[in-house]
Amino acid sequence: MQNWDYVLKFIICGDAAVGKSSLLIRLTDQRFLASPDPTLGVEFGSKLLDVPIDGGKEKKVKLQCWDTAGTESFRSITRSYYRGAAGCLLVYDVTSRASFMNARTWLSDVREHADPHLSCILVANKIDLCESADSSGGPARSGKAREVTAEEGEQWAKEEGLLFVEASAKSGQNVELAFVTASRDILDKVERGL
Ligand code: GDP
């Protein structure tokens with residue numbers, strides 16, 4: 001007997017090296033690889049999630065998640081990648097302003113090819129690199145400065161009608177939350193018959 005209420009397909013978009021594979025590995029395998037082999041990009045991961053819905057109840061969701069796994073350099077992701085996707089993680093790296101700016105192109109791609117009802121969450125990844133910054137706003141101990149503030153990310157997400165979360169595939173912070181938040185939004189739409 002199946003032990004889930006819904007199966008949801010997710011896709012992960014964003015520039016190369018923002019941490020898409022790492023987020024997927026963190027979700028499905030609770031691990032982090034400091035130097036994942038780009039040629040072995042994870043393409044698919046599956047995970048059972050408990051998603052809270054209104055009324056204090058929970059639904060079991062079987063999440064099937066596809067990563068672009070290297071195809072981002074060609075920008076020619078096939079329609080089959082987007083087909084049937086209910087959720088999308090649009091990822092940028094908080095230490096790369098370019099990746100934040102390029103998220104606009106990724107969003108247009110998604111809007112062009114994916115279902116118009118798709119729930120999309122903007123994920124500001126790698127916040128662990130900024131967390132040791134001193135209170136004077138100097139660079140983090142890692143030597144990587146934050147190039148996109150949380151406020152900017154949140155503001156753009158709001159303008160575009162996206163959900164938003166800051167996360168770290170390295171520490172695991174908010175990774176599951178990103179998938180649960182988007183899943184909850186999808187289930188909300190399903191319940192409302194959208
Ligand atoms: P992708 O090309 O978008 O799939 O990116 P990867 O998952 O291959 O990650 C690119 C690089 O960033 C790798 O060296 C990862 O170890 C690193 N990385 C990914 N996520 C994080 C994170 O949250 N924090 C830190 N510090 N590094 C990360």
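All ligand and atom numbering here is 1-based and tracks the order in the structure. Because only heavy atoms are used, hydrogens play no part in the values below, and waters and symmetry mates are left out as well, while side chains stay in.
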Inset, instruction - Can you see which heavy atom on Gln64 is nearest to which on Phe44, and at what distance? - result: CB-CE1, 3.8 Å

Legend entry - Per-atom contacts of ligand 1 with Ala169, taking only distances under 4.0 Å to non-hydrogen atoms: 20 (N), 22 (C), 23 (O)

Legend entry - Ala34, portion touching ligand 1 at heavy-atom distance under 4.0 Å: backbone

Legend entry - Numbered atoms of ligand 1 (with element) below 4.0 Å of Asp128, judged on heavy atoms: 22 (C), 23 (O), 24 (N), 25 (C), 26 (N)

Inset, instruction - Kindly indicate whether the side chain of Tyr6, heavy atoms from C-beta on, has any atom under 4.5 Å from the side chain of Val190. - result: yes

Legend entry - For the student: nearest non-hydrogen atoms of Asn125 and Ala169, plus distance: OD1-N, 3.1 Å

Legend entry - Ala17 N/O under 3.5 Å from ligand 1 N/O: yes

Inset, instruction - Within a distance under 4.0 Å of any heavy atom of Leu33, pick out the atoms of ligand 1 and give their elements. - result: 15 (C), 16 (O)

Inset, instruction - Could you tell me whether Asn125 approaches ligand 1 through its side chain, its backbone, both or neither, with non-hydrogen atoms closer than 4.0 Å? - result: side chain

Inset, instruction - Compare Ser22, Gly172, Ser99 and give the one whose heavy atom is closest to atom 6 (P) of ligand 1. - result: Ser22

Inset, instruction - Answer yes or no on whether Arg111 is positioned over the face of Trp106, meaning its NZ or CZ is under 6.0 Å from the six-membered ring centre and within 45° of the axis. - result: no

Inset, instruction - Could you establish whether Asp15 and ligand 1 come within less than 4.0 Å of each other, counting only heavy atoms on the residue side? - result: yes

Inset, instruction - Record the part of Leu129 in heavy-atom contact with ligand 1 below 4.0 Å; permitted values are side chain, backbone, both and neither. - result: side chain

Legend entry - Val123 vs Leu90 side-chain heavy atoms within contact, under 4.5 Å: no

Inset, instruction - Output the distance between atom CE (Met101) and atom OG1 (Thr105), rounded to the nearest 0.5 Å. - result: 9.0 Å

Inset, instruction - Could you list who else is in Val7's hydrophobic cluster, with ILVMFWY side chains joined at under 4.5 Å, directly or through other members? - result: Trp4, Leu48

Legend entry - Lys20: numbered ligand 1 atoms lying under 4.0 Å from its heavy atoms: 1 (P), 2 (O), 3 (O), 4 (O), 5 (O), 7 (O)

